[in-house]
S.K.: 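Take a look at this one; I'll ask things after.
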2 protein chains.
Amino acid sequence: MNNKDIFAEKLRSSGLRPTKQRIKICKLLFDRKDTFHFTINDLNNSIKSITTEQISLATIYNTIHAFKNKGYLKEISINSDKTYFDTNVSNHHHFFDENKRQLIDLDDKHVGKIKIKKTLPGKKIKSIEVLVKVVNNS
Amino acid sequence: MNNKDIFAEKLRSSGLRPTKQRIKICKLLFDRKDTFHFTINDLNNSIKSITTEQISLATIYNTIHAFKNKGYLKEISINSDKTYFDTNVSNHHHFFDENKRQLIDLDDKHVGKIKIKKTLPGKKIKSIEVLVKVVNNS
DNA sequence: CATAAATTTATAACGATTCTAAAGTAGAGT
DNA sequence: ACTCTACTTTAGAATCGTTATAAATTTATG
């Protein structure tokens, strides 16, 4: 079974029809060794550069949101204008390099246990996210 | 010395001319007991509701950015469409209530010490921010 | 007052994202 | 294979938050 079929199967099992647009995006996002961060704009440029059959911007948005809802992508917010997505959906944190304006993964195991000593009545914690902003040492 | 003059003085000492627009915004943001979170849209609505002399949206943006640059406000990002500002400029963290879509302060002292066990060459840590997402307990 | 620099303003422009309605496609049943 | 229906893609319009523009106004200074 080749990659295309694996992705098609994965999509189908999530209730998403395996269209050629979705499979092309799957290949770009998941057919690689390391996880990474990207913006919609980055993805659109990647698609443009590897293919002659452009995918409509609306479809890219639809697909990314569908993948996010299915848990294949994480959306990351930083004090920035851009919306980043992350193919690493495991529990982890981030560095944000303010000079390069770049996100860098920070493994859960590299962050000491975080203790929240305050509770909100009727609420439970869904996630704890740490953002470490860094700047050049000079 | 009344509030207006205190704000005028504060503005002047920051190198900002004390215009009536800026003083009005100061009163709304800083003339209160507790710090709070707001969006530009919230602020615009507040201004509309308390006065007949509307302040231009462009001025509101300019003023908020000026205040932020002077360190009187903090900008806060969450996985959300909105940009929030915080009149609490001390070191602290946040809860985000995903049901009410509302930010709640989380004091530094309510978060156990965070140890980052990874370093980036040539970079130093500027800040560590924790975002605790909560949902209804039911 | 007169002047220069800073500020405000309305409006235009912008970029990211969502909406729309029409055309195309995939899967299930025949 | 053929048909039907629901899902998907598409281009372009619309929308939203924000920034830029350029003229009018205001503030600080001499």
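All heavy atoms count here, side chains included; hydrogens, waters and symmetry mates do not. First the proteins, then the strands, lettered A, B, ... as listed; each starts at 1. Because the structure is predicted, anything quoted here is derived from the model rather than measured.
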S.K.: Quick one: does Asn136(B)'s side chain have a donor or acceptor within less than 3.5 Å of a partner on Ser138(B)'s backbone?
M.R.: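 No; zero donor-acceptor contacts below 3.5 Å.
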S.K.: According to side chain to side chain contact (heavy atoms under 4.5 Å, CB included), who are the partners of Ala8(B), at least two apart in sequence or on a separate chain?
M.R.: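 Once residues adjacent in sequence are excluded, the partners of Ala8(B) under the side chain to side chain contact (heavy atoms under 4.5 Å, CB included) criterion are Arg12(B), Pro18(B), Ile23(B).
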S.K.: Check whether any side-chain N or O of Ser49(A) sits under 3.5 Å from a backbone N or O of Ser46(A) as a donor-acceptor pair, and report yes or no.
M.R.: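 Pair found, side chain donor or acceptor close to backbone of Ser46(A).
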S.K.: Would you call the rings of Phe30(B) and Tyr72(B) parallel, tilted or perpendicular if under 30° counts as parallel and over 60° as perpendicular?
M.R.: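 Correct class here is perpendicular.
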S.K.: I need the CG-C1' distance between Asn62(A) and dT18(C), as an integer number of Å.
M.R.: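 Roughly 9 Å, once rounded to whole Å.
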S.K.: Where the side chain of Thr63(A) meets the backbone of Thr59(A), is there a donor-acceptor pair that is under 3.5 Å apart?
M.R.: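 Answer holds: yes.
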S.K.: Would you mind reading off the bend of the helix from dC1(C)-dG30(D) to dT30(C)-dA1(D) from its two end axes, five pairs each, to 10 degrees?
M.R.: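 That helix gives 30° between its end axes.
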S.K.: Using heavy atoms and a sub-4.0 Å distance, could you list which residues of residues 37-51 of chain A are near DNA chain D? By number, please.
M.R.: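 Residues of residues 37-51 of chain A that come under 4.0 Å of DNA chain D do not exist, since none gets that close.
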S.K.: When you list every nucleotide of DNA chain D with an atom under 4.0 Å from a heavy atom of chain A, which one comes first 5' to 3', and which comes last?
M.R.: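 It runs dA6(D) to dA11(D).
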S.K.: Without decimals, in angstroms, what is the distance between Ile60(A) CD1 and dC19(C) C1'?
M.R.: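 After rounding, the reported distance stands at 17 Å.
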S.K.: What residue among Leu103(B), Ile76(B), Leu73(B) forms side chain to side chain contact (heavy atoms under 4.5 Å, CB included) with Asp86(B)?
M.R.: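 Of all the options given, the one that passes is Ile76(B).
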S.K.: Is a side-chain N or O of Ser56(A) found less than 3.5 angstrom from the main chain of Ala58(A), in a donor-acceptor match?
M.R.: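 At least one qualifying donor-acceptor pair exists.
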S.K.: Are Gln21(B) and dT9(C) close enough that a side-chain N or O sits under 4.0 Å from OP1 or OP2?
M.R.: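 For dT9(C), OP1/OP2 do have a side-chain N/O of Gln21(B) under 4.0 Å.
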S.K.: Please check the phosphate of dT17(C) (OP1 and OP2 only) for any side-chain N or O of Tyr61(A) closer than 4.0 Å.
M.R.: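 Yes, within the criterion.
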S.K.: Does the Asn69(B) side chain pair with the main chain of His65(B), one donor and one acceptor, at a distance under 3.5 Å?
M.R.: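 Confirmed, Asn69(B) side chain pairs with His65(B) backbone.
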S.K.: Does OP1 or OP2 of dT18(C) have a side-chain N or O of His65(A) closer than 4.0 Å?
M.R.: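 Answer is yes, contact under 4.0 Å.
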S.K.: Under a 3.5 Å threshold, yes or no: a donor from one side chain and an acceptor from the other, between Asp42(A) and Thr39(A)?
M.R.: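 Side-chain D/A pair, Asp42(A) to Thr39(A): present.
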S.K.: Rounded to the nearest Å, what distance is computed from the CD atom of residue Glu75(A) to the P atom of nucleotide dA16(C)?
M.R.: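 Interatomic distance, CD of Glu75(A) to P of dA16(C): 15 Å.
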S.K.: As a test of understanding, state which of His110(B), His37(B), His93(B) forms a side-chain hydrogen bond (donor to acceptor under 3.5 Å, both in side chains) with Asp105(B).
M.R.: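 Only one option passes, and that is His37(B).
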S.K.: Step through the shown structure and confirm whether more than 12 heavy atoms of other residues, nucleotides or ligands are within 6.0 Å of NZ on Lys113(B).
M.R.: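 Incorrect, the count does not exceed 12.
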S.K.: Between protein and nucleotides 21-30 of chain C, map the contacts as a letter string: B base, S sugar-phosphate only, - none, heavy atoms under 4.0 Å, written 5' to 3'.
M.R.: -----BS---
S.K.: Is the closest basic N to carboxylate O distance between Asp107(A) and Lys118(B) below 4.0 Å?
M.R.: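 Result for this pair is no, no salt bridge flagged.
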S.K.: Please name all residues satisfying ring pair (Phe, Tyr, Trp, His ring centres under 6.0 Å) with Phe95(B), sequence neighbours left out, ordered by chain then number.
M.R.: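 Phe95(B) satisfies ring pair (Phe, Tyr, Trp, His ring centres under 6.0 Å) with no residue once adjacent residues are dropped.
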S.K.: Which sits closer to the 5' end of DNA chain D, Leu16(A) or Leu57(B), going by the nucleotide each is nearest to?
M.R.: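 By nearest-heavy-atom nucleotide position, the 5'-most residue is Leu16(A).
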